[in-house]
Peer 1: 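Take this structure, written in structure tokens, and hold onto it; I'll ask about it next.
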Amino acid sequence: MTEEIIISGFGGQGVLSMGKILAYAGIMEDKQVSWMPAYGPEQRGGTANVTVIISDDPISSPILSRYDTAIVLNQPSLEKFEPVVKAGGTIIYDGHSIIQPPTRKDVKVYRIDAMEEAARTGNSKVFNMLVLGGLLKARPIASIDDVVKGLRKALPERHHKLIPMNEDAIRRGMEIIEEVTI
Amino acid sequence: MDEKKNDYVLLKGNEAIAKAAIRYGYDGFFGYPITPQSEVLETLAVDKPWETTGMVVLQAESELASINMLYGAGCTGKLAFTSSSSPGIALMQEGISYMAACELPGVIVSVGRGGPGLGTIQPGQADYNQAVYGGGNGDYNLIVLAPNSVQEMCDCMGKAKELTFKWRVPVVVLSDGVIGQMMEKVLLPEYTPRRTDEEIHQQCPWATNGIGLKNRHYNVHSSLEFDPLVMEERNHKMTEKYARIEAEEVDYEYYMADDAEWLIVAYGISSRVGMKAVDILRKKGINAGMFRPKTLWPFPNRVLFDTASKYKGILCVEQSEGQLVKDVRIAVEGQTYVSHYGRSGGMIASPVEVYHAFKKMMEESVNSKKGYWIK
């Protein structure tokens, strides 16, 4: 099993930390992982993306030209990464952030209204965990137990009290994601 | 198995450098922040090793200060390191030459970015010449290690420690912005205590650590020598030492090369991209393999020379306009066609790009076995 994932959106949406938690979950599943950010003079509101690879085998290149799964959380990200998802792959997008949804017919497309859900519950900080939940529903690459274990390792101890809230958000994300037919 | 899973940590290459240094018993770090290696200093500041192992961590006022502090630490037989990125390493070249001239230990971590000049802050491998051939003056060599994973970033700090004291040659860990910034799982080493003053006195009789009760003459380290005959003698001694290092310390590895007819040569991040390119080529029925130098100096000349005729063509992949490729051509001595592919200025070639460059190299090799310098 090798899953090559790109997560892309605005800086501040929690793209990088979501990737990190996913990578930690991969370690808990005894897999090889790599996490490669597009780093640079990035800032809140600018674009941010991270490539996460989870595999049973040693990972060769952390830099990819095609992906199994793209999680796109703003319009420029969709435009950039929709064409480079492998045929039969998966695109997950946030319904609020994307004005023109994906059009490819040879991939599975999922919509998750995570932004709306986060706004509804008044907790915008769990946005990325809602999306992570959606990913785990669409692509069950790690169990929720391992993700929680990953959270425990990724977060400093003083933040461990927040884990139940994040776990709830992941479970909620699994409920609200839906497949879109194009 | 479960225990091992829990021992793994997810770290950036730069973070691994810092944590490894603390655990390998480094005595000091002197450095100045620069993207893409700032996490080295940041991680040291967060981990506060001065409270645990007693390691000194100092943000110097510049790269010049950093390298000269390393020079001073080396004189006293202490194990210290500095880290920087391309333009910062450029500033250090004078101090590096002095350290080499005085035959002092010291570790320099170089996390390359796009150049020349201030260039970009994106990853690059255009500092091969800077590390291997030196920007400092005079006849000197540095041992250059080239990690290609976060685990190897960690391990290289241990290897650098061993080599720099074994040979009294400064060691460069030549990495790049990708390996520095990416996260992978790492097993950190056990803690090795820092050496005591008594141990340094025993192991480094050359150290300028005060004659005190040690019952010996004072030591002096200076790169300045007024008598050219004496200086030449020093050069000869160093050259002999370099020959022994070349005989003993060459390190490399192959990927899928047992039955390969065509070869990629790459180090650092390019070797990771190269592995994936080999996988693609193999899927298309091309017998490709990869050779990866793990030490850039001493360079694995011998093995490349001995095996070159096995291959119909060699593609050097590096994120520069062509630096490693020159060493490969020297090693191969025209026995087979050698070509180059790489992006530069902060761009990184994807595996698919390397695949297409490889196909082009295969076509070219048929027509021009020799005369690679003709464009």
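Just so it is clear: chains get the letters A, B, ... in the order the sequence lines come, proteins before strands, and each one is counted from 1.
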Peer 1: Do the side chains of A/Phe127 and A/Glu117 get nearer than 4.5 Å, heavy atoms only?
Peer 2: no
Peer 1: In terms of heavy-atom pairs under 4.5 Å with chain B, which of A/Thr51, A/Ile63, A/Val52 leads?
Peer 2: A/Ile63
Peer 1: Could you tell me which portion of B/Ile269 (side chain, backbone, both or neither) has an atom closer than 4.5 angstrom to a non-hydrogen atom of chain A?
Peer 2: side chain
Peer 1: Determine whether more than 12 heavy atoms belonging to other residues, nucleotides or ligands lie under 6.0 Å from atom OH of B/Tyr255.
Peer 2: yes
Peer 1: Given heavy-atom pairs under 4.5 angstrom as the criterion, report whether the side chain, backbone, both or neither of A/Ile59 touches chain B.
Peer 2: both
Peer 1: Looking at chain B, which one of A/Pro58, A/Pro37, A/Ser60 has the largest number of heavy-atom pairs inside 4.5 Å, strictly under?
Peer 2: A/Ser60
Peer 1: Can you say whether B/Val178 sits under 4.5 Å from chain A via the side chain, the backbone, both, or neither, judging by heavy atoms?
Peer 2: both
Peer 1: Is the closest basic N to carboxylate O distance between B/Arg343 and B/Glu321 below 4.0 Å?
Peer 2: no
Peer 1: If you draw a 6.0 Å radius around CE in B/Met256, do more than 12 non-hydrogen atoms from other residues or ligands fall strictly inside?
Peer 2: yes
Peer 1: Just wondering, do B/Lys19 and B/Cys154 contact through their side chains at under 4.5 Å, heavy atoms?
Peer 2: no
Peer 1: Which one wins on heavy-atom pair count under 4.5 Å against chain A: B/Lys12, B/Glu184, B/Met275, B/Gln181?
Peer 2: B/Gln181
